[in-house]
Amino acid sequence: QVQLVESGGGSVQAGGSLRLSCAASGRTSSTYVMGWFRQAPGKEREFVAGLTWTSDDTAYGPSVKGRFTISRDNAKNILYLQMNSLKPEDTAVYYCAARSSIGLYYTPLRYDYWGQGTQVTVSS
């Protein structure tokens, strides 16, 4: 089992920045891919960014590419999401997810472990 705990959410004005963190614990050696998803009220869970733990390959959803950056701290088993130039449409609950098989996928169904989520609110 892998446990994921997100932090760093909050409220910010449009154009501002936030950095989310996801601390992983448990059987982290079995984690191949980690990612961030988000879900706004009444909408489906959406892929934001993903990272392959062993090769540092990354992928981004089209709505955040160029504004968000995913990164990791191997020693601390922490995944980050730096969010810049935030827009009101970025408002959502952001979830950290981990996958115990190879392959960086955009669909949440491919991920095995999830955090509880952290709220990000961007005001105009």
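Please read all numbers here as calculations on a predicted model, not as lab measurements. Residues: numbered from 1 along the sequence shown.
With hydrophobic clusters built from ILVMFWY side chains whose heavy atoms lie under 4.5 angstrom apart, Leu20 shares a cluster with Ile70. Residues Tyr94 and Val2 share a single hydrophobic cluster, defined by chaining ILVMFWY side chains whose heavy atoms lie under 4.5 Å apart.
The CG atom of Asp73 sits 6.0 Å away from atom CD1 of Ile78, with the distance rounded to the nearest 0.5 Å. Distance check, rounded to the nearest 0.5 Å: CG of Leu79 to OG of Ser21 gives 8.5 Å. Atoms CD and CD, on Glu44 and Gln39 in that order, are 8.5 Å from each other to the nearest 0.5 Å. Separation of atoms OG (Ser25) and CD (Gln1) is listed at 10.5 Å; rounding is to 0.5 Å. To the nearest 0.5 Å, atom CG of residue Leu4 and atom CD of residue Gln116 are 10.0 Å apart. Rounding to the nearest 0.5 Å gives a distance of 8.0 Å between CG of Leu81 and OH of Tyr60.
Residues passing the side chain to side chain donor-acceptor pair (under 3.5 Å) test with Tyr95, sequence neighbours excluded: none. Residues meeting the side chain to side chain donor-acceptor pair (under 3.5 Å) test with Thr69, sequence neighbours left out: none. With sequence neighbours excluded, no residue satisfies side chain to side chain donor-acceptor pair (under 3.5 Å) with Ser123.
Between Ala59 and Leu104, the shortest heavy-atom distance links the atoms CB-CD2, 4.0 Å. Scanning all heavy atoms of the two residues, the minimum distance from Trp114 to Pro108 falls at CZ2-O, 3.5 Å. Of all heavy-atom pairs between Thr91 and Val122, the closest is OG1-N, 2.9 Å. Between Pro88 and Ser124, the shortest heavy-atom distance links the atoms CG-CB, 3.9 Å.
In this structure the side chain of Phe68 reaches within 4.5 angstrom of the side chain of Leu86, judged on heavy atoms. For the pair Tyr111/Arg45, no side-chain contact is recorded, criterion being any heavy-atom separation below 4.5 Å from C-beta on.
In terms of modelled atom types and a separation under 3.5 Å, the side chain of Glu6 and the main chain of Gly117 share a donor-acceptor contact.
Screening residues 31-40 for salt bridge (Lys or Arg N to Asp or Glu O under 4.0 Å) gives Arg38-Glu46, Arg38-Asp90 as the qualifying pairs, with residues at least two apart or on separate chains. Residue pairs meeting the side-chain hydrogen bond (donor to acceptor under 3.5 Å, both in side chains) criterion with at least one member in residues 96-107, sequence neighbours excluded, are Ser100-Asp112.
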Taking distance alone, no hydrogens or angles, what donor-acceptor pairs closer than 3.5 Å link side-chain atoms of residues 27-36 to residues at least two apart or in another chain?
from  : atom 1 : to    : atom 2 : distance (Å)
Ser30 : OG     : Arg27 : O      : 2.7
Trp36 : NE1    : Tyr80 : O      : 3.3

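Among the candidates Val120, Val64, Val48, the single residue satisfying the side-chain contact (heavy atoms from CB on, under 4.5 Å) test with Met83 is Val120.
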